[in-house]
Amino acid sequence: MFRYQYEKCRSGHRIGMASTLETILLPMSALAQTETVSGKSVAHAAATHIAPAKHTGKLRSPNRQAQTSESIVVSSRRGVSGAGQHEAHSETVLSRQELLNRNIRTLTDIVRVAPNLIIQPSFGSAALNFAIRGVGLMDFTQNNMPSVMPYVDGVAYPISIMTSGLLFDMDDVSIAPGPSGFTHGQATTGGEIDFHTGDPTPQFHAGLTEDYSSYNRNRVEGFVSGPLSRSVSFRIAGQSMTGGGFQHNARGAKYGNADLGALRGKLKWQIDDTSRLEVGGHWTTDQSESASGHNMYNTYHVPVTSDLMETEWGLDPRFAKIIGINPDNKKPREDNMFWGANVRYTKEYSWARLSTISAYETVDEHELTNQTNSILAYGNMFRNNQSNVFSQEIKLESIKPSARFHWEAGLYYSRSRMAQSFWYDSSDRPNTTPLNKTSYSENQQNFNQYVQLSYAVLPKLRLISAFNHESDDRQMLNATNAIYNLNTGAVVGTPTNFGNSGALTNQFAGRVGAQYQATRNIMAYVMISRGFKPGGFSANIMQTAAQIKPFKPEQVLSYEGGFKAMLFDRRLRFNASGFYYDYRDQQQWNTVLVPPPFGVLGGYVNAPRSYIYGAEFDMEAHPFRGLVLTQNFGYEYGAYSQFQSYNRAAMTTHFAATGVWTPIATNYAGYSMGLPNLTLSGAATYTWKVMKDYQMTFDADYSYRGAQTQPQYIGQTGMYRAPDYFLLNSFLTFSAPKQHWSVTVYGQNLADRRYWISSSTQATFYGVTPGLPRFVGGRINLNY
């Protein structure tokens, strides 16, 4: 096993002090199978925790590479990885091999292996909501900036549905908690999730994976990578995913099948010794059946069953005709397409590195959802969302992060344009308008300027400081609500135009901290950060002008401390951290009351004061050759200090008894936020040789997640609080490393535990989205 000393440059975190070890030269020709981490090509032995090579300050030219046999510097040490051990943060990094071992196929799977992370479907949509350490925005209306920003190869995805079909040919995924935007991208309060896709390789390399499992779930993934000339290389990757629908209705019809395809391409041109140009593009189509829920409660006398996997759907053919979809297919479904392109340029000088990223991303979303999870047509919503985002970043930084003084500064700009409309069918609901259409345009412009400095005041002590200033300007334009006649498709009366609304944010943020390298393998750090996130708009079934009034920006003051250690001659890595968040004007999807006939609806509100605290640790041990033990632990608790809001459960109960929507408010000061307090995951993986050229790998892993309550039901228990759950998984792999193939059988949720991963409400309907039942499958992998 080899360990690269390296500079981690993907998310702005930098190594402060690197240890000096004996090095050897490993010819690139020996790396027949390559993977990439953070843009650097490494051997197939990445499965044994190899990290990228330390940067030498110059980019090699093609001729120079040939003269040196394309050699790279590595350190010969056995044991755990030293990646990130000299960085003052608590980031969780999931390697390509870990993503494969844990069967991470969709983004919601990541919560099984990362502490204090929430990724949940948004009310039956393909869009997702992200939260880290309790900080995150449930963006039902899909028009606001997330508190946790997804990045793909350094490009921000501010509209979460853009991440659909993303997880293939992935080198690694990193989850970074806490305020961000000090070294790249946009400012956020909750952190970021960075996805790093496979890069072009200097030698030809190809792979194909076929994965088939229960419920006819089939996933095919492949890539081709290699040189086009001495200075130009490419990589093309794609995936197809179908089936997997494990839900059903009362008549036995199956539901939930995926139908998704995606392609990604990269081209890299090594212009000369000091400059490089990279061009990338991607395309995704999603025709899947929408995430659907199980109806737990309603006041419309719709039957409720105890079968968590049972769902229902209904579609009024008149509604289908008006919106232009096939009325014979009543199932909620997606009809989405996403594509984007980016250009990156890197230039190195003797004193600094200049890098730029230009990117353009588009969303073309057509989504039919049934928010009551019932046979009633009431609750069907059809969303049209045409959005595009252009971003430009330019960054300059000193060459060696491990130098006594290191600096980096940059400018980030993004501009988005959105045209969104959604039709809401409430024809089954008594005393209400039958069909509403809400439409609007939204323009956004964001400009972030950032600087980070670090200075080694003593050989073992480094001080860190950073600040940024961000201006975010959002306008909701031409917000309109129209009522339609279901029989004729004609507008009833005159549409109501609520005009325009704006939300402008100009704020500074910053952080200060220190890291102390006690020994070569033990480091401690403290960090104080202030982060903020812009405000936005609710834009949900508009009935009054007050609904387009923007909600306020939020702020988080974060205190964090921790240590990182590698012990027992690198056989054990143990990292731990603790944190406390002072939360101001927390943005959350909660309850608003509009005039009858609608009553309670979802909308964004600000909780004036709240706090969150917790702790995390991760451990990796290599007690003897072939055995690897891992364990993650996360604890979090959040409560409100000042917050008064509508009590949705009480209002629903009152309506069920009287038929009248009445405002009932509760002071939630001292109430828990309902966060899943405890998250655990661990694995034991053992590999041994079989005969001479083959090997077997057996793995058993688990995950545990504590109970959780959605923000609309603060203080509630019973069915409103998703119960805790424990999942057990395993796999067995037979592989031929020299022949570049492997065969795997696996099982997920072996105990067939019934649990749900999110919940949603629509008036007096309450539904939950079930998690995966037991899946048993097999996988064949070929690599050349």
- Check whether the side chains of Glu312 and Ser374 place a donor and an acceptor atom closer than 3.5 Å, and report yes or no. no

- Message: We want to know whether Tyr412 and Asn446 form a side-chain donor-acceptor pair, criterion being a heavy-atom distance below 3.5 angstrom.
- Response: no

- Message: Are the side chains of Asn370 and Ser292 in contact, using a 4.5 Å heavy-atom criterion?
- Response: no

- Among side-chain atoms of Ser439 and Thr480, is any donor-acceptor pair under 3.5 angstrom? no

- Are any of the side-chain heavy atoms of Met337 and Thr362 separated by less than 4.5 Å? no

- Query: If you take all heavy atoms of Tyr720 and Thr709, which pair is closest and at what distance?
  - Reply: O-CG2, 3.8 Å

- Item | Short side-chain donor-acceptor distance under 3.5 Å, Ser125 and Gln142 | yes

- Item | Ser160 (side chain) donor-acceptor with Leu128 (main chain) under 3.5 angstrom | yes

- How far does NE2 of His294 sit from OG1 of Thr769, to the nearest 0.5 angstrom? 11.5 Å

- Basic-acidic side-chain contact under 4.0 Å: Arg474, Asp472: yes

- Query: Is it true that the side chains of Asn478 and Asn497 contain a donor and an acceptor less than 3.5 Å apart?
  - Reply: yes

- Query: Counting distance only, does the side-chain N/O of Tyr360 pair as donor-acceptor with the main-chain N or O of Trp339 below 3.5 Å?
  - Reply: no

- Test of ring centre spacing under 6.0 Å for Phe498 and Tyr440: no

- Can Glu554 and Lys533 be counted as an ion pair, charged N to O under 4.0 angstrom? no

- Query: Can a donor-acceptor pair be found between the side chains of Glu365 and Asn385 at a distance below 3.5 Å?
  - Reply: yes

- Note on the structure: When Phe551, Trp589, Phe643 are each screened for side chain to side chain contact (heavy atoms under 4.5 Å, CB included) with Val605, the one that passes is Phe643

- Nearest 0.5 Å, what's the CD1-CG distance between Ile159 and Asn144? 10.5 Å

- Gln710 vs Met138 side-chain heavy atoms within contact, under 4.5 Å: yes

- Measure the shortest side-chain to side-chain distance between Gln588 and Ile714 over non-hydrogen atoms and say whether it is less than 4.5 angstrom. yes

- Query: Between Asn388 and Glu361, do the side chains contain an N or O donor and an N or O acceptor separated by less than 3.5 Å?
  - Reply: no

- Item | Reported CD-to-CG distance for the pair Glu470 and Asn448, which is rounded to 0.5 angstrom | 4.5 Å

- Can you find a heavy atom in the side chain of Leu486 that is under 4.5 Å from one in the side chain of Ile322? yes

- Please name the pair of heavy atoms, one in Asn143 and one in Ala539, separated by the smallest distance, quoted to 0.1 Å. ND2-CB, 4.0 Å

- Query: Can you tell me how far OH of Tyr484 sits from CZ of Arg318, rounded to the nearest 0.5 angstrom?
  - Reply: 16.0 Å

- Query: Do the side chains of Ile161 and Asp286 get nearer than 4.5 Å, heavy atoms only?
  - Reply: no

- Which value, rounded to the nearest 0.5 Å, describes the distance between Arg383 atom CZ and His366 atom NE2? 12.5 Å

- Query: In Å and rounded to the nearest 0.5 Å, what is the OG1 to OH distance from Thr652 to Tyr646?
  - Reply: 13.5 Å

- Message: Just so I know, are the side chains of Trp756 and Met296 near enough to count as touching, which here means a heavy-atom distance under 4.5 Å?
- Response: yes

- Does one side chain, of Asp473 or Gln475, offer a donor that lies under 3.5 Å from an acceptor on the other? yes

- Query: Would you call the rings of Phe655 and Trp661 parallel, tilted or perpendicular if under 30° counts as parallel and over 60° as perpendicular?
  - Reply: parallel

- Message: Is any side-chain heavy atom of Asn506 closer than 4.5 Å to one of Ser471?
- Response: yes

